[in-house]
Amino acid sequence: MSILDKKISELHQLLHTKELSVTDIVDATFDRIHQVDGKVRAFLTLNEEFSRIKAKQLDEKLVSGADRGLLFGMPIGIKDNIVTKGIRTTCASRILENFEPIYDATVVERLNNADTITIGKLNMDEFAMGSSNENSGFHPTHNPWDLSCVPGGSSGASAASVSAGEVLFSLGSDTGGSIRQPAAFCGVVGLKPTYGLVSRYGLVAFASSLDQIGPITRTVEDNAYLLQAIAGNDPMDSTSAKVDIPDYLASFTGDVNGLKIAVPKEYLGEGVQPDVKERVMEALKVLEGLGATWEEVSLPHSRYALATYYLLSSSEASANLSRFDGVRYGLRSDNSDNLIEMYKQSRSEGFGEEVKRRIMLGTFALSSGYYDAYYKKAQKVRTLIKEDFTNIFEKYDVIIGPTAPSASFKCGSMTKDPLTMYMNDILTIPVNLAGVPAISVPCGLSDGLPIGLQIIGKHFDESTIYRVAHAFEQATEHHKAKPKL
Amino acid sequence: MSRISKDQVKHVAHLARLAVTEEEAEMLTEQLDKIIGFAEELNELDTDYVEPTTHVLELKNVLREDEVRNSVSVDEAMKNAPAQKDGQFKVPNILE
């Protein structure tokens, strides 16, 4: 067993007994990356030189017995829409190809304080718009389980790098499913925290009322470690919640006896593959065997979530992405001699097709004469979707269903029609609209490709999600399955 | 009947500060029409008495003390500028 297959707690034990050094871990990490990333293509930028220096510094700490951070010596990959001081941050867009941030995102600062090592920056769909990583402005990332399939998106490379054993864990971001869907496709654990639990300061904004940063890991336990390090109020993000952060690791009691599970019939309906339904029913049986009960319920407004999401997220994106004007940073076109043309040419040369399409949709939905009919209407339907969840959580502890309607699909098979691609997110989007937390954990395979189980919880009740996910993980072998690379 | 015309698409592109070719305008007209048509299923719902959600958290005004703090230096601010002169961002002519 490679040292990269171990959990944080096991690695910490080996560091403690000096059987292993941080340098060993970082060496093994880069060996693995150089061995497999030519096939997976998860990284856009590697931070190799600095990582090795930092490993030495941490090893000195180990010898001197100085205080160690919660994630001491652990190598991490970071999605390329989270800014890292002095390390190129591109959002996988040509418009930011050479952008070097002048500050660290709050999550990066907190990880540094926890003594992690930033190994590099991970590919994604451009500006987090996409479900397959095929919208990267640079190159697609491949699914480690089958290199001809997509890793999901938009945090596709965050999931693929963890699945391929290139990094122990990674950070992704989730606006409509962008952590959970790739986690499902790559057979790893991905959590979208409650809106406001993790600071968005330094996350390049896509849709500000929906975006959340979250951890992608191989085990539920490691996921809780990572969330512990990054959660909590941040004065630099005015939408960050002021809530007490519990000890997430204390939620691993293994006890789900008496747990009340709601299973929305809309999440097992038309469009969801039979294999996916079967794996979810098997998972429910496992939880039943542990003393939980489940009932079918209805989230009646689910079918309106996709349209609501595309109107709201594109509207917010059209405003957020107006900052890319070729003046203060980013690509500037040389093909213009006045200011307005310079804006237009720079943006048109810098943004990819999907990003432009969403800016257009958002600008239209916000434009004079259409605002009430589209944007405001969608905000009202969002209220109804949110109330669906509130009603269910009055009687149940968690909601369970599949993460995505199918397993991963072949590269290039869904790029023709934007609407077909958007259907991938029908089971994850309602969660973002309601602002509640949800995790995807592996629950088996379909034709050799992983399927994800989605566990949705109440606002700020990540502890219950972790308790259920951990109990399920411990009762099954699914998380032990690994891709052959 | 189409929900959005090619002229409207060109107007929206101007508002969004995007340059589109005739070909792109045609493609976008077709694609946006389809997406907007899909979005119109929201009209099935009666929302006359529903409050819009702008934010999921019950946040009131978030205030902080008005304290003097360090800000970004000129060098840092100019670090990623595509064109600059004397510590200022340089842009093409604004006035003819």
Side-chain angles (χ1 to χ4, degrees), chain A residues 98-100 102-103 195-196 209 235 238-239 241 301 303-304 306-308 310-311 318 322 325-332 336-345 347-348 351 356-357 359-365 367 374 376-384 386 418-419 433-435 459, chain B residues 3-4 8-9 11-21 24 27-28 31-32 34-59 61-64 72-73 75-84 89-96:
Chain A
N98 301 307
F99 179 64
E100 228 179 66
I102 56 172
Y103 70 98
Y195 183 83
S209 80
S238 58
T239 60
H301 297 96
R303 59 175 293 229
Y304 300 103
L306 193 62
T308 304
Y310 277 94
L311 287 172
S318 74
S322 65
D325 56 5
V327 174
R328 291 150 299 160
Y329 40 71
L331 181 138
R332 174 184 296 191
S336 55
D337 49 12
N338 72 61
L339 190 67
I340 299 285
E341 279 309 308
M342 188 278 280
Y343 291 152
K344 287 186 178 178
Q345 291 300 331
R347 290 164 62 78
S348 296
F351 290 138
K356 283 191 244 188
R357 187 158 44 236
I359 291 174
M360 289 289 292
L361 175 64
T363 307
F364 174 74
S367 66
Y374 295 109
K376 200 163 181 194
K377 180 79 185 182
Q379 283 188 316
K380 287 180 166 190
V381 179
R382 183 176 187 181
T383 303
L384 298 175
K386 192 182 151 192
L419 270 176
L433 291 170
H459 282 128
Chain B
R3 294 161 190 88
I4 185 166
Q8 269 179 301
V9 165
H11 173 64
V12 171
H14 171 69
L15 293 176
R17 297 293 184 262
L18 290 170
V20 290
T21 61
E24 284 171 326
M27 190 184 70
L28 278 165
Q31 289 177 338
L32 289 181
K34 221 167 154 184
I35 297 171
I36 293 161
F38 171 68
E40 278 178 356
E41 70 175 28
L42 300 187
N43 294 333
E44 293 167 14
L45 293 168
D46 179 3
T47 53
D48 285 356
Y49 300 100
V50 179
E51 285 295 313
T53 296
T54 49
H55 236 268
V56 287
L57 301 178
E58 299 287 324
L59 283 174
N61 290 334
V62 181
L63 303 173
R64 61 169 173 81
V72 171
S73 71
D75 279 353
E76 280 178 315
M78 303 309 295
K79 186 178 159 187
N80 286 288
Q84 54 178 301
F89 298 107
K90 196 175 158 190
V91 294
N93 282 344
I94 293 172
L95 299 172
E96 292 299 321

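All chains are named by letter (A, B, ...) in the order of the sequence lines, taking the proteins before the strands, and each is independently numbered beginning at 1.
- The parts of B/Asn43 that come within reach of chain A are both its backbone and its side chain, each placing non-hydrogen atoms under 4.5 angstrom from that chain.
- Both the backbone and the side chain of B/His14 come within less than 4.5 Å of a heavy atom in chain A.
- Judged by distance alone, the side chain of A/Thr383 and the main-chain N or O of B/Thr53 form a donor-acceptor pair under 3.5 Å.
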For the pair B/Lys79 and A/Glu100, evaluate salt bridge (charged side-chain N to carboxylate O under 4.0 Å, His left out) and give the outcome as yes or no after the intermediate values. CA-CA 8 Å; B/Lys79 186 178 159 187; A/Glu100 228 179 66; 3.1 Å; yes

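- Salt-bridge formation is detected for the pair B/Glu44/A/Arg303: a Lys NZ or Arg NE/NH1/NH2 atom is positioned less than 4.0 Å from an Asp or Glu carboxylate oxygen.
- Within the 4.5 angstrom heavy-atom criterion, atoms from both the backbone and the side chain of A/Met360 approach chain B.
- The main-chain N or O of B/Ala16 is found under 3.5 Å from a side-chain atom of A/Arg347 such that the two form a donor-acceptor pair.
- For the pair B/Val91 and A/Arg332, the minimum side-chain heavy-atom distance is below 4.5 Å.
- Rounding to the nearest 0.5 Å gives a distance of 14.0 Å between CG of B/Leu18 and OH of A/Tyr343.
- There is no contact between B/Met78 and chain A, counting heavy-atom distances below 4.5 Å.
- Neither the backbone nor the side chain of A/Ser318 comes within contact range of chain B; no heavy atom of the residue lies under 4.5 Å from a heavy atom of that chain.
- More than 12 heavy atoms of other residues, nucleotides or ligands sit less than 6.0 Å from atom NE2 of B/His55.
- Heavy atoms of B/Ile4 lying under 4.5 Å from chain A belong exclusively to its side chain.
- In this structure, chain A has no heavy atom under 4.5 Å from any part of B/Asp75.
- Between A/Leu384 and B/Thr47, the shortest heavy-atom distance links the atoms CD1-CG2, 4.1 Å.
- Contacts of A/Phe351 with chain B are made by side-chain atoms alone, with heavy-atom separations under 4.5 Å and no backbone atom involved.
- When side chains are defined from C-beta on, B/Leu45 does not count as touching A/Lys380, because their heavy atoms never get closer than 4.5 Å.
- Atom-to-atom distance recorded for A/Arg382:CZ and B/Glu51:CD is 14.5 Å, nearest 0.5 angstrom.
- Looking only at distances, no side-chain donor or acceptor of A/Lys356 sits under 3.5 Å from a matching main-chain atom of B/Val20.
- Heavy atoms closer than 4.5 Å to chain A are found in both the backbone and the side chain of B/Lys34.
- When each of B/Gln84, B/Lys90, B/His11 is scored by its heavy-atom pairs under 4.5 Å with chain A, the top score falls to B/Lys90.
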Just do the salt bridge (charged side-chain N to carboxylate O under 4.0 Å, His left out) check on B/Glu24 and A/Arg357 with the steps written out, would you? CA-CA 10 Å; B/Glu24 284 171 326; A/Arg357 187 158 44 236; over 6 Å; no

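- Contacts between A/Tyr310 and chain B at a heavy-atom distance below 4.5 Å are absent for every atom of the residue.
- Between B/Pro92 and A/Asp337 the shortest side-chain heavy-atom distance does not fall below 4.5 Å.
- The minimum heavy-atom distance linking B/Phe89 with A/Val327 is given by the pair CD2-O, 3.5 Å.
- Minimum heavy-atom separation, B/Ala39 to A/Ala307: CA-CB, 3.7 Å.
- The nearest pair of heavy atoms linking A/Leu433 to B/Val56 is O-CG1, 3.3 Å.
- Contact count against chain B (heavy-atom pairs under 4.5 Å) is highest for A/Asn338 among A/Asn338, A/Asn98, A/Asp325.
- Contact annotation for B/Val50: both backbone and side-chain heavy atoms come within less than 4.5 Å of a heavy atom of chain A.
- Minimum interatomic distance between B/Thr54 and A/Ser209 (heavy atoms only, all atoms of both residues): O-CB, 3.8 Å.
- The CG atom of B/Asn93 lies 13.5 Å from the CD atom of A/Glu341; values are rounded to the nearest 0.5 Å.
- The shortest distance between side-chain heavy atoms of A/Arg328 and B/Asn80 does not fall below 4.5 Å.
- Using a 4.5 Å cut-off between heavy atoms, B/Val72 contacts chain A through its side chain alone, with no backbone atom that close.
- Heavy atoms closer than 4.5 Å to chain A are found in both the backbone and the side chain of B/Phe38.
- The CZ atom of B/Arg17 lies 11.5 Å from the OG atom of A/Ser348; values are rounded to the nearest 0.5 Å.
- To the nearest 0.5 Å, atoms CZ (A/Phe364) and CG (B/Leu28) are separated by 12.5 Å.
- The contact between B/Leu57 and chain A is made entirely by side chain atoms (from C-beta outward), counting heavy-atom distances below 4.5 Å.
- Note that CG of B/Leu15 and OG of A/Ser322 are 12.5 Å apart. Values are rounded to the nearest 0.5 Å.
- Taking 4.5 Å as the limit, some side-chain heavy atom of A/Ile102 sits within range of a side-chain heavy atom of B/Glu76.
- Pairing each heavy atom of A/Ala378 with each of B/Leu42, the nearest pair is CA-CD1, 4.1 Å.
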